[in-house]
S.K.: 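Quick one: the structure is below, questions incoming.
Basis for what follows: all heavy atoms, side chains included, without hydrogens, waters or symmetry-related copies. The model shown is predicted, which means the values in this text are computed figures rather than measured ones.
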Amino acid sequence: MGITGPPGAGKTTLARSLVDDFTSTLDPDSVGYVPMDGYHLSNAALDRLGRRDRKGAPDTFDVAGFVATLRRIADGGETVYAPDFDHTAGEPIAASLIIPATARLVVVEGNYLGLDEPGWRDVRPLLDRLIYVDADDATRRERLLRRHVEAGKSEAEARAWIATVDDPNAGLITGTRSRADTIIA
């Protein structure tokens with residue numbers, strides 16, 4: 001099951017809540033969680049590619065690695081290790097999540113799960129269901145401001161990042177609503 005939506009809409013909160021609820025109801029080895037953010041390119045890679053000032057845009061992720069992980073999970077039969085993302089450090093954490101071979105529900109969460117662009121278009125067919133989470137712009141921006149400040153940006157830097165990176169990405173993601181099975185606003 002995929003959960004998508006623009007930055008700050010609440011998709012991570014919903015995804016983690018669902019994982020916690022299902023883990024407490026089912027056997028913990030029946031549930032897995034794969035956040036797309038774990039596939040962010042590292043800051044060092046983004047610096048080398050000249051893309052760090054756009055971190056979060058579609059081309060700042062290892063989409064091929066993300067798709068390969070989802071395919072391994074869909075094929076079943078093996079435990080799969082996936083990266084998570086530390087929002088405070090701003091870096092992916094390799095192999096920190098375990099998706100058991102026995103997982104019956106895997107919650108996949110991220111901005112671009114419904115994106116119809118090279119590489120990304122391979123994600124949607126791997127999901128049985130896609131939920132689009134939305135929030136009004138003021139709420140999203142407030143959440144993003146808080147997140148960016150907690151990660152070390154000044155308020156001015158956070159507002160500039162929201163205007164130049166998060167909001168353009170949100171516009172791109174809004175165009176994927178029609179690829180979702182359910183919309184939660």
Side-chain angles (χ1 to χ4, degrees), residues 1-43 45 55-56 58 60-115 119-135 139-140 143-144 146-148 150-151 169 173 176-177 179-185:
M1 174 175 59
I3 299 176
T4 194
K11 61 193 168 298
T12 302
T13 301
L14 175 60
R16 290 186 187 264
S17 176
L18 287 171
V19 168
D20 289 346
D21 286 349
F22 281 108
T23 299
S24 68
T25 304
L26 304 171
D27 178 333
D29 287 339
S30 296
V31 182
Y33 173 60
V34 181
M36 184 196 85
D37 278 354
Y39 294 86
H40 268 288
L41 299 178
S42 70
N43 290 336
K55 186 175 186 174
T60 65
F61 289 87
D62 174 15
V63 65
F66 182 55
V67 169
T69 299
L70 296 178
R71 283 189 177 131
R72 286 179 59 208
I73 293 166
D75 289 345
E78 69 174 310
T79 295
V80 176
Y81 300 92
D84 201 352
F85 188 78
D86 182 335
H87 281 278
T88 303
E91 291 281 2
I93 306 166
S96 59
L97 299 171
I98 301 169
I99 298 86
T102 55
R104 295 181 358 225
L105 171 67
V106 177
V107 177
V108 180
E109 174 258 317
N111 292 342
Y112 303 118
L113 304 185
L115 194 60
W120 292 105
R121 71 175 50 106
D122 297 331
V123 173
R124 180 63 182 99
L126 294 168
L127 304 171
D128 293 324
R129 184 153 199 78
L130 183 61
I131 298 169
Y132 185 97
V133 179
D134 208 354
T139 300
R140 280 189 330 88
R143 291 173 180 164
L144 290 167
R146 186 172 44 251
R147 178 190 307 166
H148 291 315
E150 287 173 2
N169 292 339
I173 296 157
T176 70
R177 285 174 66 114
R179 298 191 80 201
D181 299 298
T182 304
I183 298 172
I184 299 173

S.K.: Does Gly56 offer a backbone N or O that forms a donor-acceptor pair with the side chain of Thr60 under 3.5 Å?
M.R.: yes
S.K.: With side chain to side chain contact (heavy atoms under 4.5 Å, CB included) as the criterion, how do Lys55 and Asn43 come out once you've worked through the C-alpha distance, each side chain's angles and the decisive distance to 0.1 Å?
M.R.: CA-CA 8 Å; Lys55 186 175 186 174; Asn43 290 336; 2.6 Å; yes
S.K.: In Å, rounded to the nearest 0.5 Å, how long is the span from CD1 of Ile99 to CZ of Arg72?
M.R.: 9.0 Å
S.K.: Compare every heavy atom of Thr79 with every heavy atom of Pro100, then report the nearest pair and how far apart it is.
M.R.: CA-OG1, 4.1 Å
S.K.: Could you tell me whether the side chain of Trp120 reaches within less than 4.5 Å of the side chain of Met36, counting heavy atoms only?
M.R.: yes
S.K.: Indicate the atoms forming the closest heavy-atom contact of Val133 with Ala9, along with that distance.
M.R.: O-CB, 3.3 Å
S.K.: Show the nearest heavy-atom pair for residues Val107 and Ala15, with the distance to one decimal.
M.R.: CG1-CB, 3.8 Å
S.K.: Treating Arg124 as the side-chain partner and Leu115 as the backbone partner, does any N or O pair qualify as donor plus acceptor under 3.5 Å?
M.R.: no
S.K.: Looking at every non-hydrogen atom in both residues, tell me the closest pair between Pro92 and Gly38 and how far apart they are.
M.R.: CB-O, 3.3 Å
S.K.: Can you find a pair of side-chain heavy atoms, one from Asn111 and one from Lys11, that are under 4.5 Å apart?
M.R.: yes
S.K.: How long is the gap from NE2 on His87 to NE2 on His148, to the nearest 0.5 Å?
M.R.: 10.0 Å
S.K.: Counting distance only, does the side-chain N/O of Asn169 pair as donor-acceptor with the main-chain N or O of Pro7 below 3.5 Å?
M.R.: no
S.K.: In the structure I gave you, are the side-chain heavy atoms of Tyr112 and Ile173 within less than 4.5 Å of one another anywhere?
M.R.: yes
S.K.: For Tyr39, does the OH atom have more than 12 heavy-atom neighbours from other residues, nucleotides or ligands under 6.0 Å away?
M.R.: yes
S.K.: Between Arg16 and Asp84, is the closest basic N to carboxylate O distance under 4.0 Å?
M.R.: yes
S.K.: Is there side-chain contact between Phe85 and Pro35, with heavy atoms separated by less than 4.5 Å?
M.R.: no
S.K.: Indicate the atoms forming the closest heavy-atom contact of Pro83 with Ala94, along with that distance.
M.R.: CB-CA, 4.1 Å
S.K.: Can you spot which of Leu70, Leu127, Thr176, Leu126 makes a side-chain contact (heavy atoms from CB on, under 4.5 Å) with Leu113?
M.R.: Leu127
S.K.: Measure the shortest side-chain to side-chain distance between Tyr33 and Leu18 over non-hydrogen atoms and say whether it is less than 4.5 angstrom.
M.R.: no
S.K.: Could you walk me through whether Tyr81 and Ile98 pass the side chain to side chain contact (heavy atoms under 4.5 Å, CB included) check?
M.R.: CA-CA 5 Å; Tyr81 300 92; Ile98 301 169; 3.7 Å; yes
S.K.: Can you measure from OG1 (Thr12) to CZ (Arg143) and round to the nearest 0.5 angstrom?
M.R.: 10.5 Å
S.K.: Return yes if some donor-acceptor pair links the side-chain N/O of Thr4 with the main-chain N/O of Gly110 below 3.5 Å, else return no.
M.R.: yes
S.K.: Do Pro6 and Tyr132 touch side chain to side chain, with heavy atoms closer than 4.5 Å?
M.R.: yes
S.K.: Using atom types as modelled and distance alone, determine if a side-chain donor or acceptor of Asp181 lies under 3.5 Å from a backbone N or O of Leu130.
M.R.: yes
S.K.: Are the side chains of Glu91 and Asp86 in touch, meaning some heavy atoms are under 4.5 Å apart?
M.R.: no
S.K.: Could you tell me if the side chain of Asp37 sits less than 4.5 Å from the side chain of Phe61, heavy atoms only?
M.R.: yes
